[in-house]
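Remember, it's 1-based here, ligands and their atoms both numbered in the order they're listed. Quick note: numbers below take in every heavy atom, side chains included, and nothing from hydrogens, waters or symmetry partners.
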Amino acid sequence: MLRVEGLHVYYGAIHALKGISFSVAEGELVTLLGANGAGKTTALKTISGLLRPRAGTVALEEHALEELGPHEIVRLGVVHVPEGRKIFPRFTVLENLKAGAYARRASSIREDFDFVFTLFPRLKERARQMGGTLSGGEQQMLAIGRGLMAKPKLLLLDEPSMGLAPLLVEQIFATIRAINQQGVTILLVEQNAAMALSISERGYVLETGTVILEGKASDLVTSDRVRQAYLGG
Ligand SMILES: Nc1ncnc2c1ncn2[C@@H]1O[C@H](COP(=O)(O)OP(=O)(O)OP(=O)(O)O)[C@@H](O)[C@H]1O
Ligand SMILES: [Mg+2]
């Protein structure tokens, strides 16, 4: 479904991605692992059209995403839930969710509300509360829920577990798995390697803009390199 090849991305003189390649098949849940500054967010931003690569290609089926803008990419079904949530604080939960569906016709939105509220019953209880007054975990649920309202074919999740209490982390990962099982293809960026690999089929490890390791999640969990760097030995 998604094939990234030879991607080079710069911020001015900083060479953030140095020719990375990876792919996600339809229906898969794939994790990008890597330390702070490895280039994970940069990779997601390039896929969703927020950054332009200097070289390389991003293919979604037959579409060359590197030639399109962010709005066109959303319309093709690629939805990016950014790092740090970025919900609208002065909109209610309901309004935030509606904003996620902006690129779509109104007719089919009803059942997507139901889908989001089934995944996150807490959001239903808080439907009329201002986004900015939700707890950190609830804001993360809202950010993912808003992404789902855009009816993604491919969901890009940037560190959904960041800053959440352990119990909530487990819940968010279980929900991500459930979303994937509903047929949404997912590219997940995480620092919580153990959790991310436990729900993923495959993974890639980024180090300073380069893919240094890739494979089945079950093989990565047992690899010495991943264990030492990301799983505390
Ligand atoms: N707007 C920017 N201007 C200049 N350099 C940037 C910018 N954004 C990111 N970088 C640099 O690009 C590199 C990759 O950053 P990126 O945000 O992709 O890392 P990351 O893997 O998502 O890290 P983290 O786990 O901390 O979120 C880093 O060295 C970072 O300092
Ligand atoms: Mg990041």
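Put simply, part of Glu159 is less than 4.0 Å from ligand 1, judged by heavy atoms. Contact annotation: Gly34 has no heavy atom less than 4.0 Å from any atom of ligand 1.
Regarding atom 2 (C) of ligand 1, its nearest protein heavy-atom neighbour is Tyr11 CD2, 3.4 Å. Of all protein heavy atoms, the one lying nearest to atom 22 (O) of ligand 1 is Thr41 OG1, 2.7 Å. The protein heavy-atom contact nearest to atom 15 (O) of ligand 1 is Thr42 OG1, 3.7 Å. Here the protein heavy atom with the shortest distance to atom 27 (O) of ligand 1 is Glu83 OE2, 2.7 Å.
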*Give the C-alpha distance, both sets of side-chain angles, the deciding distance and a yes or no for side-chain contact (heavy atoms from CB on, under 4.5 Å) between Leu2 and Val30.*
CA-CA 11 Å; Leu2 179 78; Val30 172; over 6 Å; no
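Among residues at least two apart or in separate chains, side chain to side chain donor-acceptor pair (under 3.5 Å) pairs with a member in residues 195-211 are Glu28-Arg202, Thr31-Ser200, Arg202-Tyr204.
Residue-level proximity to ligand 1 for Asn36 is carried by backbone and side chain together, each with a heavy atom below 4.0 angstrom.
Proximity of atom 31 (O) of ligand 1 to the protein is not indicated, since no non-hydrogen protein atom lies closer than 4.0 angstrom.
If you number the atoms of ligand 1 from 1 as listed, the ones under 4.0 Å from a heavy atom of Ala16 come out as 12 (O).
Hydrophobic clustering (ILVMFWY, side-chain heavy atoms < 4.5 Å, transitive): Leu148 and Ile172 are in one cluster.
Atom CD of Glu26 sits in a sparse spot, with 12 or fewer heavy atoms from other residues, nucleotides or ligands closer than 6.0 Å.
Residue side and main chain included, Thr41 places an N/O/S atom under 2.8 Å of the Mg ion (ligand 2).
In this structure, the separation between OG1 on Thr42 and CG on Asp158 is 9.5 Å, given to the nearest 0.5 Å. Note that CG of Leu44 is 9.0 Å distant from CG of Leu188, once rounded to the nearest 0.5 Å.
What you find for Glu66 and Pro53 is that their closest heavy atoms are CB-CG, 3.9 Å. Pairing each heavy atom of Gly209 with each of Leu206, the nearest pair is C-CD2, 4.4 Å.
Among the atoms of Ala38, some N or O lies under 3.5 angstrom from an N or O of ligand 1. Residue contacts with ligand 1: Ile14 is placed with no nitrogen or oxygen under 3.5 Å of a nitrogen or oxygen of the ligand (distance criterion only).
Closest heavy-atom approach to atom 14 (C) of ligand 1 within the set Ala43, Gly12, Gly37: this belongs to Gly37.
Taking the six-membered ring where tryptophan is involved, the planes of Phe91 and Phe88 are tilted, since the angle between them lies from 30° to 60°.
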